[in-house]
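We name chains A, B, ... by the order of the sequence lines, and we start the count at 1 in each one. This is a predicted model, so every value here is computed, not measured.
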2 protein chains.
Amino acid sequence: MGVVRTTKTVRLVTQFFDTYEHAIGVLDLVEKFKEEMNRSTIYRILDRLEDEGKVHSFLGANGLKHYAKCKDCNHKEHVDVHPHFQCTNCGMVECVAYEIKIPALPDKSVEQAQLLLTGICANCKD
Amino acid sequence: MGVVRTTKTVRLVTQFFDTYEHAIGVLDLVEKFKEEMNRSTIYRILDRLEDEGKVHSFLGANGLKHYAKCKDCNHKEHVDVHPHFQCTNCGMVECVAYEIKIPALPDKSVEQAQLLLTGICANCKD
DNA sequence: ATTGTAATTGCAACTGTTTTGCATTAAATT
DNA sequence: AATTTAATGCAAAACAGTTGCAATTACAAT
């Protein structure tokens with residue numbers, strides 16, 4: 001598995017993230033690409049893109065994995081240090097440009113942090 | 001469904017939380033009470049206790065629901081405004097006594113926040 | 001261009017988690 | 001003790017994600 005191949009399906013998913021500004025849940029991706037590729041292919045491609053640091057993932061309010069393209073993430077720590085926002089009305093999910101400072105906890109070493117904010121988005125407020 | 005009944009099973013779960021200081025995942029609860037009650041009963045009781053504001057829930061690192069008794073939560077906002085910590089080594093999960101300040105987001109109204117910290121706990125560090 | 005190879009995919013079956021419908025049981029009220 | 005209906009147990013279904021394997025296909029070598 002040394003070489004990595006740029007298949008039609010990988011290209012499709014990559015192109016999607018290139019032009020998609022929000023985050024998207026796995027199931028929505030499965031639905032979106034159901035004509036073009038198999039469920040398991042989606043899951044495998046997302047795993048790969050995340051490994052390669054092209055996208056990052058986090059859990060939405062329902063516990064489902066969501067993906068968004070990485071802007072400033074590097075390979076080493078493809079950790080989410082920024083919060084994500086999910087609209088409880090329309091379901092829209094997006095990355096929030098805001099760095100959280102992780103509280104230092106006595107006797108523990110904190111390595112990651114996930115901050116999920118939920119509420120009503122700009123669109124749904126009006 | 002106006003009346004609420006204090007059944008044997010509800011009592012068992014309630015008593016458990018009364019003396020349990022950490023948070024616990026649903027599956028561990030199912031396992032723990034598998035002799036005393038059915039899977040679905042656990043799920044239903046947890047839902048109820050959460051509705052009643054006796055416990056609060058949040059998602060662990062694996063996306064599984066975790067429960068802990070509420071100390072300062074009131075019914076109205078049984079919202080997790082405090083972070084949770086999960087040890088990636090032993091799996092232990094606990095509430096962190098630390099209030100996070102939710103960043104104000106332009107054009108959005110943030111109603112809830114879930115902050116999950118992961119790392120190594122005191123026990124596993126030594 | 002053709003061929004060889006192994007990475008990638010599709011499929012179907014399976015695992016694990018949560019929910020649901022319904023008959024039965026058992027709290028609480030009379 | 002009888003009545004009412006909330007709560008439970010059970011088995012089946014729903015749902016999300018994974019896996020083994022045969023078929024396909026990208027890509028390097030010829």
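For the pair B:Gln112 and A:Thr88, the minimum side-chain heavy-atom distance is 4.5 Å or more. Under the 4.5 Å side-chain criterion, counting only non-hydrogen atoms from C-beta, B:Met92 is not in contact with B:Asn123.
When rounded to the nearest whole Å, the span between CD of B:Glu36 and P of D:dG9 equals 10 Å. Rounded to a whole Å, the CD1 atom of B:Ile45 is 16 Å from the P atom of D:dA6. When the P atom of C:dT18 is taken as reference, atom CG of B:Asp28 falls 11 Å away, rounded to whole Å. Computed from coordinates, the B:Leu59 CG to C:dT17 P distance equals 15 Å when rounded to whole Å. Atom pair B:Arg5:CZ and C:dT24:C1' shows a separation of 13 Å (rounding to whole Å applied). Rounded to whole Å, the distance from CG on A:Leu46 to P on D:dA16 is 15 Å.
For the helix from C:dA1-D:dT30 to C:dT30-D:dA1, the terminal axes (five pairs an end, C1' atoms, rotation from four pairs onto the next four) enclose an angle of 30°, given to 10 degrees.
Between the CG atom of A:Leu117 and the SG atom of A:Cys87 there is a distance of 12.5 Å, given to the nearest 0.5 Å.
Looking at every heavy atom in both residues, B:Tyr98 comes nearest to B:Pro83 through O-CD, 2.8 Å.
Using bins of under 30°, 30° to 60° and over 60° for the plane-to-plane angle, the ring pair A:His82/A:His56 lands in the perpendicular bin. Under the 30°/60° scheme for interplanar angles, the aromatic rings of A:Tyr20 and A:Phe16 are found to lie parallel. Between A:Phe17 and A:Tyr67, the ring planes are perpendicular. Angles over 60° get that label, and only those under 30° would be called parallel.
Using a 4.5 Å cut-off between side-chain heavy atoms of Ile, Leu, Val, Met, Phe, Trp and Tyr, with links allowed through other members, A:Ile45 and A:Ile24 fall into the same hydrophobic cluster.
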Under 3.5 Å, which protein N or O atoms sit close to an N or O of nucleotides 17-19 of chain D? Give each pair with its distance.
unit_1: D:dG17; atom_1: OP2; unit_2: A:Tyr43; atom_2: OH; d: 2.7
unit_1: D:dG17; atom_1: O6; unit_2: A:Arg39; atom_2: NH2; d: 3.4

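With B:Gln86 contributing its side chain and B:Ala61 its backbone, the two residues share a donor-acceptor pair below 3.5 Å. Using a distance-only test at 3.5 Å, with no hydrogens or angles considered, no donor-acceptor pair links the side chain of B:Lys65 to the main chain of B:Val26.
The side chain of B:Lys8 approaches C:dA27 more closely than any other nucleotide in the set C:dA27, D:dA7, C:dT8.
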- Item | side-chain contact (heavy atoms from CB on, under 4.5 Å) between B:Leu49 and B:Thr14, worked out | CA-CA 8 Å; B:Leu49 293 184; B:Thr14 303; 4.2 Å; yes
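Taking side-chain N and O atoms only, B:Thr7 has no distance below 4.0 Å to OP1 or OP2 of C:dA26.
Of the residues in residues 10-19 of chain A, those with a non-hydrogen atom less than 4.0 angstrom from any atom of DNA chain C are A:Val10.
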